[in-house]
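Contents: one structure, followed by commentary.
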Amino acid sequence: MLSLFSSTVFFFNLVFISSVIRAENPCRFDHTKGTIDLTSVGRTDGTAAYIDKTPPTSGDYKYSYNPCKPFTELPSCVNVAACQVSADKKYSFSIGLQDSASWNPGTGLGSLPSVTYSDGVKQASVTLQCSTDGSESLEALGESPTNFYKFRLTHKCACWDGCKNSPDTTTKSSKGSGGGIGGGAVFVIILFVLAIVYFVGFALFARFRLQRTGVDLVANRTFWVALPGYAKDGAVYLYGRVTNKSTNYQSV
């Protein structure tokens, strides 16, 4: 039974880690058709590459978009991928975040690739139109249906392998872009989740399978109780080695 429990915990951890590793890259999409890399299109100074684009159907709202890196457009769009702004500039609403990016290579003959972002119930879908003449533009196509916003980005980097070896950024700022999390933060999150699974899983197993109660529900309780003593002995030993003084350190 203990072997079954360990296997279940291992499988859960493997699924969680795999989901983190497989998170989609908002800057680059690799497919059998080739690579789409929008890294050089997006600005990295916290502003949008395409600002306040007005759709042809309505002038009540304008839209801003920055591929790859998050940007801020006050008052309410902070570290977003796409933003809806009222015509009078008094209101702004996030309609997509970079870390929610989902790529679609296009299905069917002649279909175009796209990248979709989301924030709550709102979604922003950007169709990628390949440009072979050097022209570039972003068209805001409006909201249809409700909370679904459509855009068309025309750029050479929207072509398959159009910017495969492009520079990392178009603009740089000494303050950085202010968005995203690093590998260290991801590692800490994974470690934290594994610790929860370890302690909670063992407690449930001990309670319902081994019929334990109280402090006996703590995994490897004797080790955790003795850990402060081990830490103290280690510190004393190291201090003695550094100062060349004898200690009463005992091996654990």
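The first residue of the sequence shown is numbered 1, and numbering continues consecutively from there.
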Query - salt bridge (charged side-chain N to carboxylate O under 4.0 Å, His left out) partners of Asp99, counting only residues at least two apart - result: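 If we apply the salt bridge (charged side-chain N to carboxylate O under 4.0 Å, His left out) test to Asp99, skipping adjacent residues, there are no hits.
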
Report task. State which residues pass salt bridge (charged side-chain N to carboxylate O under 4.0 Å, His left out) with Glu143; sequence neighbours excluded, sorted by chain then number. Result -> none

Going only through I, L, V, M, F, W and Y residues with side-chain contacts under 4.5 Å, is there a path from [X] to [Y]?
{"X": "Phe192", "Y": "Val200", "answer": "yes"}
{"X": "Ile51", "Y": "Leu141", "answer": "no"}
{"X": "Trp160", "Y": "Val41", "answer": "yes"}

**Report entry** Residue pairs, two or more places apart or on separate chains, that pass disulfide bond (SG atoms under 2.5 Å apart) and touch residues 117-154
**Finding:** Cys130-Cys159

Requested in this report: Compare all side-chain heavy atoms of Phe29 with those of Pro105 and state whether any distance is below 4.5 angstrom.
Outcome: yes

Query raised in the report: Below 4.5 Å, heavy atoms only, C-beta onward: do Lys122 and Ser94 meet side chain to side chain?
Result: no

Query - Pro67 versus Gln98, closest heavy-atom pair with distance - result: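 What the structure gives for the nearest pair is C-NE2, 3.9 Å.
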
Report summary line: Heavy atoms of Gly142 and Pro55 approach each other most closely as N-CB, 3.7 Å

Requested in this report: Could you pull out all residues at least two apart from Tyr65 that satisfy ring-ring contact (aromatic ring centres under 6.0 Å, His included)?
Outcome: Tyr117

Cut-off 3.5 Å, no hydrogens considered: what does the side-chain donor-acceptor table look like for residues 81-90, sequence neighbours left out?
from: Gln84; atom 1: NE2; to: Tyr63; atom 2: OH; distance (Å): 3.1
from: Ser86; atom 1: OG; to: Asp88; atom 2: OD1; distance (Å): 2.6
from: Ser86; atom 1: OG; to: Lys90; atom 2: N; distance (Å): 3.3
from: Ser86; atom 1: OG; to: Tyr91; atom 2: N; distance (Å): 3.0
from: Ser86; atom 1: OG; to: Tyr91; atom 2: O; distance (Å): 3.3
from: Asp88; atom 1: OD1; to: Lys90; atom 2: N; distance (Å): 3.0
from: Lys89; atom 1: NZ; to: Asp52; atom 2: OD1; distance (Å): 3.3
from: Lys89; atom 1: NZ; to: Asp52; atom 2: OD2; distance (Å): 2.2

Quick one: does any side-chain atom of [X] pair with a main-chain N or O of [Y] as donor and acceptor, under 3.5 Å?
{"X": "Lys33", "Y": "Pro113", "value": "no"}
{"X": "Asn66", "Y": "Lys69", "value": "yes"}
{"X": "Ser64", "Y": "Ala48", "value": "no"}

Once rounded to the nearest 0.5 Å, what's the spacing between atom [atom1] of [X] and atom [atom2] of [Y]?
{"X": "Arg28", "Y": "Cys163", "atom1": "CZ", "atom2": "SG", "answer": "11.0 Å"}
{"X": "Ser118", "Y": "Ile95", "atom1": "OG", "atom2": "CD1", "answer": "11.0 Å"}
{"X": "Leu238", "Y": "Asp233", "atom1": "CG", "atom2": "CG", "answer": "11.0 Å"}
{"X": "Leu38", "Y": "Trp103", "atom1": "CG", "atom2": "CH2", "answer": "4.0 Å"}
{"X": "Ser114", "Y": "Leu153", "atom1": "OG", "atom2": "CG", "answer": "11.5 Å"}
{"X": "Glu139", "Y": "Thr154", "atom1": "CD", "atom2": "OG1", "answer": "5.5 Å"}

With [X], which residues qualify under side-chain hydrogen bond (donor to acceptor under 3.5 Å, both in side chains), at least two apart?
{"X": "Asn104", "result": "none"}
{"X": "Thr35", "result": "Asp30"}
{"X": "Gln123", "result": "none"}
{"X": "Ser131", "result": "Asp133, Ser135"}

Go through the structure and list residues passing side-chain contact (heavy atoms from CB on, under 4.5 Å) with [X], not counting sequence neighbours.
{"X": "Leu74", "answer": "Thr72"}
{"X": "Leu112", "answer": "Thr127, Gln129"}
{"X": "Lys53", "answer": "Tyr50, Leu138, Ala140"}

Report task. Could you label the plane-to-plane angle of the Phe93 and Tyr61 rings as parallel, tilted or perpendicular, counting under 30° as parallel and over 60° as perpendicular? Result -> perpendicular

